[in-house]
Amino acid sequence: QKEVEQDPGPLSVPEGAIVSLNCTYSNSAFQYFMWYRQYSRKGPELLMYTYSSGNKEDGRFTAQVDKSSKYISLFIRDSQPSDSATYLCALGTGFGNEKLTFGTGTRLTIIP
Amino acid sequence: SAVISQKPSRDICQRGTSLTIQCQVDSQVTMMFWYRQQPGQSLTLIATANQGSEATYESGFVIDKFPISRPNLTFSTLTVSNMSPEDSSIYLCSVAGGGNQPQHFGDGTRLSIL
């Protein structure tokens, strides 16, 4: 069993829809949770990070963590074509100077 | 966040040769990380590079295949040695700022082995 499971998609939704991206994990030592966005031919770009259960909101993006279920989600409201990218969840046992364990990424396309 | 530059951005190499990838950061950082991103797979950590000490390699990666240098607090190199088609991948450098700062990535080096 992989430490982090992420539905690879691809996922296509119409512009303006709410998008839900999810990861599950098995290692309860993970304490830090990040979402990265990766455009084609670019490196992963940090979108959001959190270390506690609950919701964290930043503009159209909401990161949700449920440590008891070992489940994390990223919601995108009012999705835009510019949101089309691959979204990677990343988990760490420490913060910053520690190894990250990534999901395989979900490829998202927003249809105008 | 730190600005990370990787060179080359892409390359096509012959099997059996070696390629050195450079990672330059615009600020001093304690630790630098090298990841591999194979098609359809997760980013996988190859090694962690501290300035002034030997790199720490993850299981499945060895120094003879992926030697790493870290001569100062803003620069690191990763060499992919004796390359085979299985080494075709994207190689990414990341850094974490001081304190509780998450990792940020360069744009990667896209490597194809013929």
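Chain letters run A, B, ... following the sequence lines, proteins first and then strands; every chain starts at 1.
Under the 4.5 Å side-chain heavy-atom criterion for ILVMFWY residues, no single connected hydrophobic cluster contains both B/F66 and B/I90. Linking Ile, Leu, Val, Met, Phe, Trp and Tyr residues whenever their side-chain heavy atoms come within less than 4.5 Å places B/L78 and B/I63 in a single cluster. Note: the hydrophobic cluster containing A/L47 also contains A/L21 (ILVMFWY, side chain heavy atoms under 4.5 Å, direct or indirect links).
Only the side chain of B/L92 comes within contact range of chain A, with heavy atoms under 4.5 Å apart. For chain B, no part of A/Y39 is nearby; none of its heavy atoms comes within less than 4.5 Å. With a 4.5 Å cut-off on non-hydrogen atoms, A/R41 touches chain B through its backbone and its side chain both.
Between the CG atom of A/L88 and the CD atom of B/Q37 there is a distance of 6.5 Å, given to the nearest 0.5 Å. Taken to the nearest 0.5 Å, the CG atom of A/L100 stands 12.0 Å off from the OG1 atom of B/T44. Between the OG atom of B/S42 and the NZ atom of A/K2 there is a distance of 5.0 Å, given to the nearest 0.5 Å. To the nearest 0.5 Å, atom NZ of residue A/K42 and atom CZ of residue B/F105 are 15.0 Å apart.
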Take B/Q41 and A/F102 through the side-chain contact (heavy atoms from CB on, under 4.5 Å) test and state the conclusion after the steps. CA-CA 9 Å; B/Q41 298 189 27; A/F102 282 82; over 6 Å; no
* side-chain contact (heavy atoms from CB on, under 4.5 Å) assessment of B/H104 paired with A/E45 -> CA-CA 7 Å; B/H104 293 269; A/E45 169 195 12; over 6 Å; no
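Heavy-atom neighbours of B/I12 CD1 from other residues, nucleotides or ligands within 6.0 Å: at or below the threshold of 12. Within 6.0 Å of CZ on B/R15 lie no more than 12 heavy atoms contributed by other residues, nucleotides or ligands. Residue B/E54 qualifies as open at atom CD: its count of foreign heavy atoms under 6.0 Å is 12 or below. In B/R110, the CZ atom is crowded: over 12 heavy atoms of neighbouring residues, nucleotides or ligands sit closer than 6.0 Å.
Closest of all the heavy-atom pairs between A/G43 and B/D107 is N-OD1, 3.0 Å.
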